[in-house]
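Everything on this sheet refers to the single structure shown next.
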Amino acid sequence: MRGTKFVRTRAIVAIVTAFLFVAAACGGDEESVSEAQRSTGPIKIWYSNNPEEIEWGKQVVNAWNKEHPDEEVPGQEIPAGETSEEVIAAAITAGNTPCLVFNTAPAAVPQFDRAGGLVNLAEFEDGVSYIEERSGDRAAQYGYPEGEYNQMPWKANPVMIFYNKDLFKKAGLDPENPPLATYDEFLAASQALVDKGGVQAAIWPAPSSEFFQSWFDFYPMFIAQTGSGQLVEDGQAQFNNEDGVAVAEFWRQMYEEGLAQQETYNGDAFADQKSAMATVGPWAIAVYGEDIDWGVSPVPTQDGIAPEETYTFSDEKSIGMYTSCENQGTAWEFLKYATSEENDGLFLEISGQMPMRTDIIGTYSEYFEKNPEYEVFAEQAERTVEVPMVSGSIEMWQEFRNAYSASVIFREEDIQPAFDSAAETINGLVEEGS
Amino acid sequence: MAVAARPPRRLINRIAGRHPVGVAFAAPYMIFLVVIYAYPIILAIYMSFHDYFFAAPGAQVDRPFIGLDNYSTALGDPAFRRALLNVVVFLVINVPLTVGLALVLASALNTALPFRTFFRSSYYLPYVTASVALIGVWLWLFNSDGLVNAIIGEAGPDPTWLVNRFWAMPIIAFFATWKQLGFYVLVYLAALQNVPQELYDAAAVDGAGKLRSFQHVTVPGVRSATTLVIILATIVGANFFTEPYLLTGGGGPNGASISPVLLMYQEGIEQNKPGYAAAIGVILAIGVVVVSLVNRFLLERD
């Protein structure tokens, strides 16, 4: 009968819908943490997908596997995605993260921790001592939540200003001692580069609105200007103070006078010599070294400070151990193996990036004698500042980037009110998460 | 006279109808629909009413019920309101342009044209080409030192097209129109086959020229296809993501070309706030359904 069919169809739909709601609300099982920490056996790791880190990863994994046939480590590149953080977040949700990821961004650690994805390395007997002995005072910046280490600081790429000596010469600037210490000097040099150096922009940081872009324009200069201040400290936004506004006004002037571009360059503006400077880490030496006669300078401050007192952004990547790991005992031993003095040295040699280890210049003096061009980055690596370890970190950076984009890059709002409004929102976010 | 009593229905027939083997054949696709469509939609609606975030399997996390908080936050969010305005701008440009151009091109391609196959393929080519590849072409056209500015020189806007607050959305709308045109030309081409030639002959006898024939024979003749094109273009247009993401660097000059789906990506994937992203998605879906129903009502009143 038509009526019966209609009632039956409705009943089936209602039952299926109710089932789906229940299924949506269901959770899963829990595993014993301490058992996993003691357990040994094969583990999987992910390393980054740039050629130097792949080379290092393969060498370390092969060496470990020869010595530990029962605890084999098949390493692989992190799967492709728009960002590594999204790939890792998806893997956490799916429960198929590897034991270790040698590319965990500190900014994502609060989010991964909230999702229950990270192992607290402080729970290992020698966890805290190993991390703090290796990285010294800088380790404290990576402790989150307080008293825990959900990441191991691994390597840094302290941000400095790379410049093209040929273009500087063409613009009539001293290529060996370029005038880039103060904002006025930087602006004047930029103007000369655009007028006479034949470049489209003196420097071309990405003007797009991804949350991480501020790490390569505003943040390094904010850290230098404040002498090691973070974007947020003690739960309060700092970027809307006098120093933050000074940095923003400097960049706004760069955009206003066409010394930096509002449009994203499709390619590498520094390599293509469309810009004469770039904010880079030591990785740039391997990338540009053969084609460009380069120089390096610390990031500027408003009134100029000595290079040996200038702080900058670390652009650090950590190693995370993930809760889906069954053999955390092996994972911890492998983590210590991969960050030993020998393997840190191998990493430095292959990639030129700075291990987060105290006194790398003294420890690897032979390397720096053969490669003196890296020494300036090694010295800078002693004075780096990390992103604030706060809950909602990515949302915080996006909020800041939106305000920066509106008031500095596109100059549609005034800086102070835009920064004040963003600060209010960010303070609320940080308070909510604490 | 006594009527023969019907035999009682077996249990399987009462549950699965007169032909249970039909249910068995349909079951695999039903399971696919439930898993791929129904479950995610139900989950999204569920998430939108909770302070929901993705977590590791087995992690003990708190996802409290928060009622309509996500919805009220979304409706008060200036970025979401900007995104909705951008959808309106997009649809106002894209839908009429799509309908007009697709019908005119389909009419032209329906005639005995030299190199007709070449033209038909050319209009369809952007539709089957990946957006990522096509966007490279448009960036080359509309960059500050691109072809368009090279031709029009000083007449170009400042700031240039893709970083201009007023031009970013229209450029995206034109790109999307051009890219999808081939599909809608096909839809109209198919519909035109059902317009009887006798009507054109009768119009010609009554003295109608090409334009009057188009207006009074072609346009009414493909009305149902027009309804379909408008509804499809509205649904696809409201969900645009790739174009603002790639053409205008993640939301354009100060969010001038941000779309609701791009906002969902930022909130749901980057910031791990899928509850809030789901609320945006539900509002968007309701809006699209309402607009589609209104379109259908207006176009199929007869």
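In the text below, chain A, chain B and the rest are named by the order of the sequence lines, each starting its count at 1. Heavy atoms only: backbone and side chains are in, while hydrogens, waters and symmetry mates are out. Note that the structure is predicted; figures quoted are calculated from it, not measured.
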Does any heavy atom of chain A fall under 4.5 Å from the side chain of B:Phe54, the backbone, both, or neither of them? both

Does the distance from a Lys or Arg side-chain N to an Asp or Glu carboxylate O, for A:Glu395 and B:Lys273, drop under 4.0 Å? yes

Given the options A:Phe211, A:Trp397, A:Tyr322, which has more heavy-atom pairs under 4.5 Å with chain B than any of the others? A:Phe211

Chain B shares the most heavy-atom pairs under 4.5 Å, among A:Gln111, A:Arg401, A:Gln261, with A:Gln111

Do B:Thr160 and B:Asn149 have side-chain atoms, one donor and one acceptor, less than 3.5 Å apart? yes

Applying a strict 4.5 Å limit to non-hydrogen atoms, the region of A:Tyr404 in contact with chain B is neither

Selection from A:Gln398, A:Glu85, A:Gln262, A:Glu413 maximising heavy-atom pairs under 4.5 Å formed with chain B: A:Gln398

Classify the side-chain pair A:Thr104/A:Gln151 by whether it contains a donor and acceptor separated by less than 3.5 Å. no

Which atoms of A:Gln200 are under 4.5 Å from chain B, going by heavy atoms: the side chain, the backbone, both sets, or neither? side chain

Ignoring hydrogens and geometry beyond distance, is a side-chain donor-acceptor pair present between B:Asn70 and B:Ser48 at under 3.5 Å? no

What part of A:Asn266 gets within 4.5 angstrom of chain B, counting heavy atoms only: side chain, backbone, both, or neither? side chain

Are the ring centres of A:Phe419 and A:Phe400 closer than 6.0 Å? yes

With a 4.0 Å cut-off, would you call B:Asp62 and A:Arg114 a salt bridge? no

Which bit of A:Ala89 comes within less than 4.5 Å of chain B, counting heavy atoms only: side chain, backbone, both or neither? neither

Measure distances from A:Ala94 to the heavy atoms of chain B and classify the residue's part below 4.5 Å as side chain, backbone, both or neither. backbone

Under 3.5 Å, is there a donor on one side chain and an acceptor on the other for B:Ser259 and B:Asn86? no

Given heavy-atom pairs under 4.5 angstrom as the criterion, report whether the side chain, backbone, both or neither of B:Asn143 touches chain A. both

Looking at chain B, which one of A:Thr264, A:Asn402, A:Ile409, A:Thr93 has the largest number of heavy-atom pairs inside 4.5 Å, strictly under? A:Thr93

Just say parallel, tilted or perpendicular for the rings of B:Tyr265 and B:Tyr245, cut-offs at 30° and 60°. perpendicular

Contact part of B:Phe142 toward chain A, heavy-atom cut-off under 4.5 Å: side chain, backbone, both or neither? backbone

